2 protein chains.
Amino acid sequence: MKNKAARLQSIREIIIHSRVKSQDEILQKLHEQGFDLTQATLSRDLKQLRIAKVPGSDGSYVYIMPEIGSVGKLMQEKMSENPQRQIPGGFISINFSGNLAVIKTRPGYAGSLAYDIDSNTPPEILGTIAGDDTVLVILQENINHQQAMLALSPFMPELHN
Amino acid sequence: MKNKAARLQSIREIIIHSRVKSQDEILQKLHEQGFDLTQATLSRDLKQLRIAKVPGSDGSYVYIMPEIGSVGKLMQEKMSENPQRQIPGGFISINFSGNLAVIKTRPGYAGSLAYDIDSNTPPEILGTIAGDDTVLVILQENINHQQAMLALSPFMPELHN
DNA sequence: GTCATGTTTGAATAATTATGCGGCAAATAT
DNA sequence: ATATTTGCCGCATAATTATTCAAACATGAC
């Protein structure tokens, strides 16, 4: 068809501007705009545009463009391409005190470690603050050290040896 | 069941560490780890964890963790309703744990927000520490979250909608 | 023109994912 | 203790999404 590019553009706009929760909804909007296509084609278009359906906080699902706020996602994909290759994180030690964890790293590594933790935000972790060689991790209330350790261990590959 | 929390944690780790492309694959890994569940339960778990399946660069699909924190997620969704509307102060989310509050901001905004809070020094607030996109607020002892929220809300106009 | 090659598509269907319903057990209330 | 609520889960199935296959069309070489 001669208007595939225009269609893809329209799909992008629909995704960005409205909150659609199924391909059929998108399809309907496209039909309203005069595009004539089936769900099969739409599925392929979405794949090409790398548009994803994610569970939303209201208990249903939403289609989103991964580029919006996506740095973490891309990173994660890169990482999972080579799951065995671990990025040496300069990790040295971790200790707990109350609702805090203190991670020591080699000088200069704290920021990147904190960034990795923040980008994945396990629900047990409220946030992090990094200096040069220390990351302070603030834990959710009622999270015990065991649980926190589980949540944090993915970011400290050195622990898995 | 007593092991749901552990299961969710395992799911998160599987998502982060390996490249899975269907629920059945995740299910298989979980079974290998000794968890006994069906696809139905896994689907519900993924929904709760807000894990999404996105089209990957290699032409297939990958499950990923969306990166933003709890309250932040709501904000982000709100924003996608009105994509043009900007966040004035860079505020994204606030959460409490014990005598701490963790405020997430857009990158670069943490410092100015912390400065605003510090320079007004409400008595409920002992002090703040800012990274790039996170402000750690240390609360007075015996201040509850409600009170702290009241003391902090003047600095987060976005909450007053 | 014919032929080969590649792209795009719909119909049908396969594959995958979400959910209504009922059961069960733990927690909470009476 | 008994009743009620609440959360979790499997089964079966609905709903949704991806893909196979064949066909239509375009493009460019010859």
Side-chain angles (χ1 to χ4, degrees), chain A residues 1-12 14-15 18-66 73 77 80 123-124 140 142-144 147 150, chain B residues 1-12 14-15 18-66 70 73 77:
Chain A
M1 206 68 167
K2 70 159 187 272
N3 47 353
K4 174 167 181 189
R7 190 183 64 221
L8 293 183
Q9 182 54 40
S10 273
I11 292 175
R12 263 198 225 95
I14 290 173
I15 298 304
S18 60
R19 197 189 266 263
V20 278
K21 65 186 217 314
S22 75
Q23 294 187 1
D24 278 334
E25 269 184 37
I26 303 173
L27 206 53
Q28 206 173 321
K29 285 178 189 281
L30 285 172
H31 285 158
E32 283 167 15
Q33 295 185 21
F35 292 101
D36 179 15
L37 73 168
T38 62
Q39 177 265 328
T41 299
L42 177 56
S43 172
R44 286 184 278 245
D45 286 352
L46 292 178
K47 183 174 185 174
Q48 186 176 345
L49 292 172
R50 306 190 51 178
I51 287 171
K53 188 169 94 171
V54 310
S57 54
D58 62 349
S60 72
Y61 296 80
V62 195
Y63 277 83
I64 61 160
M65 302 265 313
K73 286 173 187 158
E77 242 180 89
S80 55
E124 294 89 343
Q140 188 96 256
N142 306 322
I143 293 294
N144 65 36
Q147 293 170 301
L150 274 169
Chain B
M1 202 63 172
K2 74 158 186 281
N3 51 347
K4 175 170 180 186
R7 190 183 64 222
L8 293 184
Q9 182 54 41
S10 273
I11 292 174
R12 261 208 301 278
I14 289 173
I15 298 303
S18 59
R19 167 187 278 270
V20 277
K21 64 185 217 316
S22 75
Q23 293 186 4
D24 277 335
E25 269 184 37
I26 303 173
L27 204 54
Q28 205 173 322
K29 284 178 190 282
L30 286 171
H31 284 158
E32 283 166 15
Q33 293 184 22
F35 292 101
D36 180 15
L37 76 167
T38 62
Q39 176 267 327
T41 299
L42 177 56
S43 172
R44 286 184 275 244
D45 287 351
L46 292 178
K47 184 173 186 175
Q48 183 176 347
L49 293 172
R50 307 192 50 180
I51 288 171
K53 187 169 96 171
V54 309
S57 43
D58 62 349
S60 73
Y61 297 80
V62 195
Y63 276 83
I64 62 159
M65 305 261 315
S70 46
K73 283 173 193 158
E77 266 177 54

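In the text below, chain A, chain B and the rest are named by the order of the sequence lines, each starting its count at 1. If you're wondering where the values come from, they're calculated on a predicted model, not measured in any experiment.
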Q: Looking only at the side chain of A:Ser22 (C-beta and beyond, no hydrogens), which of the listed nucleotides D:dT17, C:dT17, C:dT19 gets closest?
A: D:dT17
Q: Measure CD1/A:Ile51 against C1'/D:dA18 and give the value in whole Å, please.
A: 16 Å
Q: For B:Tyr61 and C:dA15, give me the distance from atom OH to atom P, rounded to whole Å.
A: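 It is 15 Å, rounded to the nearest whole Å.
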Q: Would you say C:dA18 has OP1 or OP2 under 4.0 Å from some side-chain N or O of B:Gln23?
A: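 B:Gln23 to C:dA18 OP1/OP2: side-chain N or O found under 4.0 Å.
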Q: Is there a donor on the side chain of B:Arg44 or the base of D:dG10 sitting less than 3.5 Å from an acceptor on the other?
A: yes
Q: Whether A:Ser43 contacts D:dT17 is assessed here as follows: a side-chain N or O lying under 4.0 Å from the phosphate OP1 or OP2. Is that the case?
A: no
Q: Please walk me through it: do B:Thr41 and B:Arg44 pass side chain to side chain contact (heavy atoms under 4.5 Å, CB included)?
A: CA-CA 5 Å; B:Thr41 299; B:Arg44 286 184 275 244; 4.3 Å; yes
Q: What nucleotide among C:dT9, D:dG10, D:dA18 has an atom nearest to a side-chain atom of B:Thr41?
A: D:dG10
Q: May I have the distance from B:Asp24 (atom CG) to C:dT17 (atom C1'), rounded to whole angstrom?
A: 10 Å
Q: Please tell me which of A:Leu46 and B:Leu37 maps to the more 5' nucleotide of DNA chain D, matching each residue to the nucleotide holding its nearest heavy atom.
A: B:Leu37
Q: Rounded to whole angstroms, how far apart are CG on B:Leu42 and P on C:dT19?
A: 14 Å
Q: How many whole angstroms separate atom CG of A:Leu49 from atom C1' of D:dT17?
A: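 That distance rounds to 16 Å.
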Q: Assuming nearest nucleotide by heavy-atom distance, tell me which of B:Ser60 and B:Thr38 is located more 5' along DNA chain D.
A: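 By nearest-heavy-atom nucleotide position, the 5'-most residue is B:Thr38.
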Q: For D:dT16 and A:Lys53 - does any side-chain N or O of the residue sit under 4.0 Å from the phosphate oxygens OP1/OP2?
A: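 Answer no for this pair, as no side-chain N or O of A:Lys53 is under 4.0 Å from OP1 or OP2.
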Q: For B:Gln48 and C:dT19, give me the distance from atom CD to atom C1', rounded to whole Å.
A: 15 Å
Q: Select base, sugar-phosphate, or nothing to describe what A:Asp45 touches, counting heavy atoms under 4.0 Å on all strands.
A: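 No contact at all - A:Asp45 keeps every heavy atom at 4.0 Å or more from the nucleic acid.
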Q: Under 3.5 Å, is there a donor-acceptor pair between the side chain of B:His31 and the main chain of B:Ile26?
A: no
Q: Where the side chain of A:Lys53 meets the backbone of A:Ser22, is there a donor-acceptor pair that is under 3.5 Å apart?
A: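 The answer is no, because no donor-acceptor pair under 3.5 Å joins these two groups.
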Q: Please check if the side chain of A:Ser43 supplies one atom and the backbone of A:Gln39 the other of a donor-acceptor pair under 3.5 Å.
A: no
Q: Please determine if a side-chain N or O atom of A:Tyr63 lies less than 4.0 Å away from the OP1 or OP2 oxygen of D:dT17.
A: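 A:Tyr63 to D:dT17 OP1/OP2: side-chain N or O found under 4.0 Å.
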Q: Report the residue (B:Lys47 or A:Ala40) whose heavy-atom-nearest nucleotide on DNA chain C is the more 5′ of the two.
A: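 Of the two residues, A:Ala40 wins.
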Q: For D:dT16 and A:Lys21 - does any side-chain N or O of the residue sit under 4.0 Å from the phosphate oxygens OP1/OP2?
A: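 No, because none of the side-chain N or O atoms of A:Lys21 sits under 4.0 Å from OP1 or OP2 of D:dT16.
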Q: Rounded to whole Å, please give me the gap between CG in A:Asp36 and P in C:dG10.
A: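 My rounded result for the distance is 6 Å.
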Q: Does any N or O donor sit under 3.5 Å from an N or O acceptor when you compare the side chain of A:Arg7 with the base of C:dT9?
A: no
Q: B:Leu8 has an atom CG; how far is it from atom C1' of D:dC8, in whole Å?
A: 11 Å
Q: Is A:Leu30 close to A:Ser10 at the side-chain level, that is, under 4.5 Å between some pair of heavy atoms?
A: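 Side-chain contact under 4.5 Å: yes.
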Q: Taking the side chain as every heavy atom from C-beta outward, state whether A:Asp45 and A:Leu37 have any pair of such atoms under 4.5 Å apart.
A: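 When only atoms from C-beta onward are counted, A:Leu37 and A:Asp45 do touch, with a gap below 4.5 Å.
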